[in-house]
There are 2 protein chains.
Amino acid sequence: MGDLLDRDTARTYASWFRALADPTRVQIVEYLARHARPMSVGEVVAAVGLAQSTVSQHLKILTEVRFVLVEPVGTARHYRVNDACVGCFPSAADVVMGRPAPEPNGVC
Amino acid sequence: MGDLLDRDTARTYASWFRALADPTRVQIVEYLARHARPMSVGEVVAAVGLAQSTVSQHLKILTEVRFVLVEPVGTARHYRVNDACVGCFPSAADVVMGRPAPEPNGVC
DNA sequence: ATCGTCAATCGGCGATCGACGATGATGAGG
DNA sequence: CCTCATCATCGTCGATCGCCGATTGACGAT
């Protein structure tokens, strides 16, 4: 076992990339980004044509890494892309250079 | 069913991100990158401390998107990071802007 | 030709994923 | 208070994942 990147750092990187490792989530993110205004779950459901519970799960995964932000509005919840994260989202170059992964919990 | 990013484009993006969506693969890529010279499977096995078959599987996934290149050398096979792909690897900004995903099969 | 080495592939196992329907929680409006 | 609307959560199912040991295949050396 030679010298490797810290397992924790690798895990953090993996969790970032995993957020976009599903085609439906890619579509959801692009959809949220194109319509600049925050969108409700129902709108996303209508867009992707999957069950509401499925969309809710995907949005949960995206918000867990703070790549998507949520704000309660009445009985609805509005989701939008975290513009700060668009820039800080790890790149392949970050991995190759062994840079510390951006912490999803902290400020991006 | 509103206007969405093409499913194929989304799938291609997802396959890119999936390559780095596992901590072991992140470690392997960083390991290959740091030791600039092409490395054999056995060296990677010794580094990560997993079974040879497991490492072989990970390397297969990484080479399928051409993010890692392989070259047969005698009975061994040498793996290295595809430097061209380090720059072309899709970013979160690419997804947000709905840009066409780089084709893993073509020239990066 | 045979043996040893290196790595890909196969089959299996437990864990996780993506999808669904059903249920539960919360807030707005009558 | 009750109802409706919106969304999260739960339980389940089949598919895939990550890992392993064992086998197979390809090559170099004896």
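Below, chain A is the first sequence line, B the second, and so on; all start at residue 1. Small disclaimer: the values here were computed from a predicted structure and weren't measured.
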Q | Minimum-distance pair of heavy atoms, taken over all atoms of A:Trp16 and A:Pro102 | A | NE1-O, 2.7 Å
(Q) I need the CZ-C1' distance between B:Arg25 and D:dG18, as an integer number of Å. (A) 9 Å
Detail all sub-3.5 Å separations between protein N/O atoms and N/O atoms belonging to nucleotides 8-11 of chain C.
from, atom 1, to, atom 2, distance (Å)
C:dA8, OP1, B:Arg77, NH1, 3.1
C:dA8, OP1, B:Tyr79, OH, 2.2
C:dA8, OP2, B:Ser56, OG, 2.1
C:dA8, O5', B:Ser56, OG, 3.3
C:dA8, N7, B:Gln52, NE2, 2.8
C:dA8, N6, B:Gln52, OE1, 3.0
C:dT9, OP2, B:Lys60, NZ, 3.4

Q.
It should be established whether A:Arg18 places a side-chain nitrogen or oxygen under 4.0 Å from OP1 or OP2 of nucleotide C:dT16.
A. no
Q: Determine: side-chain N/O of A:His58 to OP1/OP2 of C:dA19, distance under 4.0 Å, yes or no.
A: yes
Q | By side-chain hydrogen bond (donor to acceptor under 3.5 Å, both in side chains) - contacts of B:Asp8 (at least two apart) | A | B:Arg11
Q) Do any side-chain nitrogens or oxygens of B:Thr24 fall under 4.0 Å of OP1 or OP2 in D:dC19? A) yes
Q: Could you tell me the separation between the NZ atom of B:Lys60 and the OG atom of B:Ser53, rounded to the nearest 0.5 Å?
A: 13.0 Å
Q: Scan nucleotides 24-30 of chain D nucleotide by nucleotide, 5' to 3', and note B when protein non-hydrogen atoms come under 4.0 Å of the base, S if they reach only the sugar-phosphate, - if neither.
A: -------
Q | Distance below 4.0 Å between B:Ser40 side-chain N/O and C:dC6 OP1 or OP2 | A | no
Q) What's the CD1-P distance between B:Ile61 and D:dG18, to the nearest Å? A) 5 Å
**Q.** Nearest-angstrom distance from the residue atom CG of B:Leu20 to C1' of D:dC17
**A.** 16 Å
Side-chain donor-acceptor pairs under 3.5 Å in residues 18-30 of chain B, sequence neighbours left out?
from, atom 1, to, atom 2, distance (Å)
B:Asp22, OD2, B:Thr24, N, 2.9
B:Asp22, OD2, B:Arg25, N, 3.3
B:Thr24, OG1, A:Arg7, NH1, 3.1
B:Thr24, OG1, A:Arg7, NH2, 3.4
B:Arg25, NE, B:Ala19, O, 2.8
B:Arg25, NH1, B:His58, ND1, 3.2
B:Arg25, NH2, B:Arg18, O, 3.0
B:Gln27, OE1, A:Arg7, NH1, 2.7
B:Gln27, NE2, A:Leu5, O, 2.7
B:Glu30, OE1, B:Arg34, NH2, 3.0
B:Glu30, OE2, B:Arg34, NE, 2.9

Q: Not counting sequence neighbours, which residues clear side-chain hydrogen bond (donor to acceptor under 3.5 Å, both in side chains) with A:Asp83? List them please.
A: none
Q) Who pairs with B:Thr63 by side-chain hydrogen bond (donor to acceptor under 3.5 Å, both in side chains), at least two apart in sequence or on another chain? A) none
Q. For A:Glu43, which of A:His78, A:Arg37, A:His35 qualifies under side-chain hydrogen bond (donor to acceptor under 3.5 Å, both in side chains)?
A. A:Arg37
Q. How are the rings of B:Phe17 and B:Tyr13 set relative to one another: parallel (under 30°), tilted (30 to 60°) or perpendicular (over 60°)?
A. parallel
Q | Between D:dC7 (P) and A:Met39 (CE): distance, integer Å | A | 11 Å
Q.
Distance check needed: D:dC17 P versus B:Leu50 CG, whole Å only.
A. 17 Å
(Q) When you compare the side chain of A:Val70 with that of A:Tyr79, does any pair of heavy atoms fall below 4.5 Å? (A) yes
Q | Rounded distance in Å - NE2 (B:His78) to C1' (C:dA7) | A | 12 Å
